[in-house]
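Since the structure comes first, as structure tokens, the remarks are kept for the end.
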Amino acid sequence: MLSKNADRLAKIWLWLSALVIILVLLSVLGYVFINGIGAISVSFLLDMPQNNWREGGIYPAIVGSLIVVFVALAFAAPVGVGTAMYLTEFRTEGLVTRIIRTSSDALNAVPSIVFGLFGLSLFVFYLGDYTGGPSLLSAGLTLGFMILPTIIRTSEVAMRNVPYAERMESFGMGASKLQTIRNIVLPGAVPGIATGLILSIGRAVGETAPIIFMVALNPTIPKSLFGSGNTLTTQLYYLSMEGISMKVAFGTALTLMLVILTLNAITRVFKKRLSRNLRRC
Amino acid sequence: MKKLFDQERVVGAALMVFSITALVILLLIMLFILDGGLPLFNKVSVSDFLLGDKWVPAKGLFGASQFIVAALLVTFGAILLSVPLGISCAVFLAEIAPGWAKRIVRPAIELLAGIPSIIYGVFALIIIVSLVRVTFNVATGETILAASIVLAIMILPIIISISQDSIESVPRLYKEGSYALGATDWQTIHRVLVPAAGPGIVAGIILAMGRAIGETMAVVLVIGNVEKMPAGLLDPGETLTSAILLEMGEAVVKSTHYNALFCLGLVPFILVLFMSVLSSRLTTKNKARFA
């Protein structure tokens, strides 16, 4: 009888633990929504900031975020997918694959502020003549380094999930390795790779510490990749740390949150398609 | 036929160049952080840096112990708070959740993992800080504890997903054996499943610790940033990462202060790399055990 009661109590505790986590998520989301919804509007998104961000919109930060994410992906997507392809299609498991995988894992563990220090010394102090110093290019490349491991890992899983038998069928029909990759492996892996890329976009868009030393807080539209600019996250940090305008800060936070929610919803759709594909074969 | 073979080799070689990029970046990071940090030790001894508790850049005093202690306290607090909750939730998902509950909880955890750290910071800056201030009746809620709470939320997804994986990878036989002996669900969970999944769960906790030590943005907003040795969880403090963030702007390039800030980065960097290796070792060992 005692063990039955313990069983019931334990189950109540397990259900409660899940409930607590849902409540935590809802309170974070709810907090940002309730405080941010009043600030956000079309003009908030498309206007220049005024009066040192106390009024006006956040247009330059939106443009800046788009640019750094674009730069990060332009670097990390080809390199990451290429690495995954090399690991799955060109190499048998061994020392080389182990070294590549271990360094990718280690890179994934590097604290974001260390990426910030690295980006600062490499792109601003050593390569400043080529990158424009603290520019959107420098910030974007630093983010690209940071999301590379995610792209490698998700793409590798996606390619490994393409059944071995399909590759063998392709070889059996006389296709070369490259033809097999192009016609069998890549099409099969696309939903998985895309999910990984979107996941990385979410990470890149939400990171602050790696780029904080490379953004300028001037409210101007960045003129080029080599120009300085600002992003949603760094602006949010600046506004809330200095306590300049909590209204604009919450508007910025909600904008960022909506971007993350949208990306999250898109990955969900991809994942559904992915599991349907897997069931088919 | 010969030509195709060549094309394949060219592509293979190009991809090999791509695939060593991660290694090259990792080595470059080590090189640049060491290059930025090591000159400090021409002026200040390693023991003064690690054990000294006076951090006054203007006077050339670079004792980082209060940052190290604060970082360890924050991490310790976060682990203490999130491990019981995280493992319970993992057990819930792996063992007793009906399909509909899984369909709600799993996406919620994914979303928690995807929320940017700066948003957690802004949330904690007002909600958690006030919560701590009112609950413990202290002058300011900007404390080590507030930072621990927000970090605990942020590392929950790591602990849950890795624990769930390792609980689910415990062989069915273990569970069936336990039920056959007349054990209840709970007895099976806490006497058989969780112990068997132990090493995997520990791997997840280590990974989460690494994440907590390295986190910057959420911590800097709530910890109070007082350069003093914290005496307890209800004291304000300043961690390694928040000191870097706050002082980099005023440090003159290549000055001793600049070098010292790179050394502050070196500490979590080394700890985190060590933890990452340890964690993946444990995971591999755990998988091999059941294979």
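The structure displayed is predicted, hence computed values, not measured ones. Computed over heavy atoms, backbone and side chain alike; hydrogens, waters and symmetry mates excluded. In what follows, every chain begins at residue 1, and chains take the letters A, B, ... in the order their sequences are listed.
Heavy-atom pairs under 4.5 Å with chain B peak, among A:S240, A:S112, A:S121, at A:S121. Per-residue heavy-atom pair counts under 4.5 Å with chain A were compared for B:L27, B:L28, B:L31, and the maximum is reached by B:L28. Ranked by non-hydrogen atom pairs under 4.5 Å with chain B, the options A:T208, A:L117, A:L256, A:L236 are led by A:L117. With respect to chain B, the highest number of heavy-atom pairs below 4.5 Å among A:V81, A:V205, A:V28 belongs to A:V28. For chain B, the option among A:D105, A:I22, A:V79, A:N108 with the highest count of heavy-atom pairs below 4.5 Å is A:V79. Listed options B:D35, B:L23, B:I20 were ranked by heavy-atom pairs under 4.5 angstrom with chain A; first place goes to B:L23. For the options B:V105, B:V91, B:I126, heavy-atom pairs under 4.5 Å to chain A are most numerous at B:I126. Contact count against chain B (heavy-atom pairs under 4.5 Å) is highest for A:L122 among A:L122, A:I212, A:L199, A:V24. Among B:P116, B:S280, B:A183, the residue with the largest count of heavy-atom pairs under 4.5 Å with chain A is B:P116.
Nearest heavy-atom pair across B:K102 and B:A97 is CE-O, 3.7 Å. Of all non-hydrogen atoms in A:I151 and A:G80, the two that sit nearest each other are CG2-CA, 3.9 Å. Contact detail for B:G86 and B:I160: the closest heavy-atom pair is O-CG1, 3.6 Å.
Using a cutoff of 4.0 Å between basic side-chain nitrogens and carboxylate oxygens, A:E156 and A:R101 are scored as salt-bridged.
A side-chain donor-acceptor contact under 3.5 Å links B:Y179 and B:D185. Counting only N and O atoms by type, the side chains of B:S276 and B:S279 include no donor and acceptor under 3.5 Å apart. Using modelled atom types, one finds no donor on one side chain facing an acceptor on the other under 3.5 Å when comparing A:T83 with B:S19.
Looking at B:I33, only its side chain comes within 4.5 Å of chain A, counting heavy atoms on both sides. A:F213 touches chain B through its side chain: at least one heavy atom from C-beta onward sits under 4.5 Å away, while N, CA, C and O do not. For B:I104, the parts lying near chain A are the backbone and the side chain together; criterion is any non-hydrogen pair under 4.5 Å. Of the atoms belonging to B:V253, it is side-chain heavy atoms, and not backbone ones, that fall under 4.5 Å from chain A. When heavy atoms are compared at a cutoff of 4.5 Å, B:E95 does not approach chain A at all. There is no contact between B:A90 and chain A, counting heavy-atom distances below 4.5 Å. Of the atoms belonging to B:I244, heavy atoms from both backbone and side chain fall under 4.5 Å from chain A. Residue contact with chain B, scored on non-hydrogen atoms closer than 4.5 Å, involves the side chain of A:V32 exclusively. Contacts of B:I213 with chain A are absent, with no heavy-atom separation under 4.5 Å from either backbone or side chain. Proximity to chain A (any heavy atom under 4.5 Å) is restricted, for B:L273, to the side chain, taken from C-beta onward. Only the side chain of A:M246 comes within contact range of chain B, with heavy atoms under 4.5 Å apart. Looking at A:L120, the atoms closer than 4.5 Å to chain B (heavy atoms on both sides) all sit in the side chain, from C-beta outward. At a 4.5 Å heavy-atom cutoff, the contact between B:I153 and chain A is made by side-chain atoms alone. Residue contact with chain A, scored on non-hydrogen atoms closer than 4.5 Å, involves the side chain of B:L246 exclusively. When heavy atoms are compared at a cutoff of 4.5 Å, B:L156 approaches chain A solely by way of its side chain, counted from C-beta outward. Contacts between A:T252 and chain B at a heavy-atom distance below 4.5 Å are absent for every atom of the residue. Proximity to chain B (any heavy atom under 4.5 Å) is restricted, for A:R268, to the side chain, taken from C-beta onward. For B:L240, no part sits under 4.5 Å from any heavy atom of chain A, backbone or side chain. For chain B, the nearby part of A:L148 is the side chain; its heavy atoms alone come within less than 4.5 Å. Interface remark: B:V220 contributes backbone and side-chain atoms alike to the contact with chain A (heavy atom separation under 4.5 Å). Contact annotation for A:D7: both backbone and side-chain heavy atoms come within less than 4.5 Å of a heavy atom of chain B. When heavy atoms are compared at a cutoff of 4.5 Å, B:M217 approaches chain A solely by way of its side chain, counted from C-beta outward.
A distance of 10.0 Å separates CG in B:L81 from CG in B:L151, rounded to the nearest 0.5 Å. Separation of atoms OH (B:Y258) and CE (B:M248) is listed at 5.0 Å; rounding is to 0.5 Å. For the atom pair B:L264 CG and B:N259 CG, the distance stands at 11.0 Å (nearest 0.5 Å). Residue B:I118 holds its CD1 atom at 10.0 Å from OG1 of B:T216, rounded to the nearest 0.5 Å. Within the model, atoms CG of B:L111 and CE of A:M257 stand 5.5 Å from one another, a figure rounded to the nearest 0.5 Å. The distance from the CD1 atom of A:I260 to the CD1 atom of A:I201 is 10.5 Å, given to the nearest 0.5 Å.
Within residues 11-21 of chain A, the residues that have a heavy atom under 4.5 Å from a heavy atom of chain B are A:K11, A:W13, A:L14, A:W15, A:S17, A:A18, A:V20, A:I21, listed by number.
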Check the pair B:Q187, B:V192 against side-chain contact (heavy atoms from CB on, under 4.5 Å), reporting the backbone distance first and the verdict last.
CA-CA 7 Å; B:Q187 286 167 336; B:V192 178; over 6 Å; no

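Contact of the B:F67 side chain with the B:T241 side chain is not registered, since no non-hydrogen atoms from C-beta on lie closer than 4.5 Å.
For the pair A:K177 and A:F90, the cation-pi criterion (under 6.0 Å, within 45° of the ring axis) is fulfilled.
Between the A:S104 side chain and the A:I100 main chain, no donor and acceptor come within less than 3.5 Å of each other. Judged by distance alone, the side chain of A:T233 and the main-chain N or O of A:E207 form a donor-acceptor pair under 3.5 Å. A:N35 contributes a side-chain N or O that, together with a main-chain N or O of A:Y31, makes up a donor-acceptor pair within less than 3.5 Å.
The aromatic rings of A:F118 and A:F145 sit tilted, their planes meeting at an angle between 30° and 60°.
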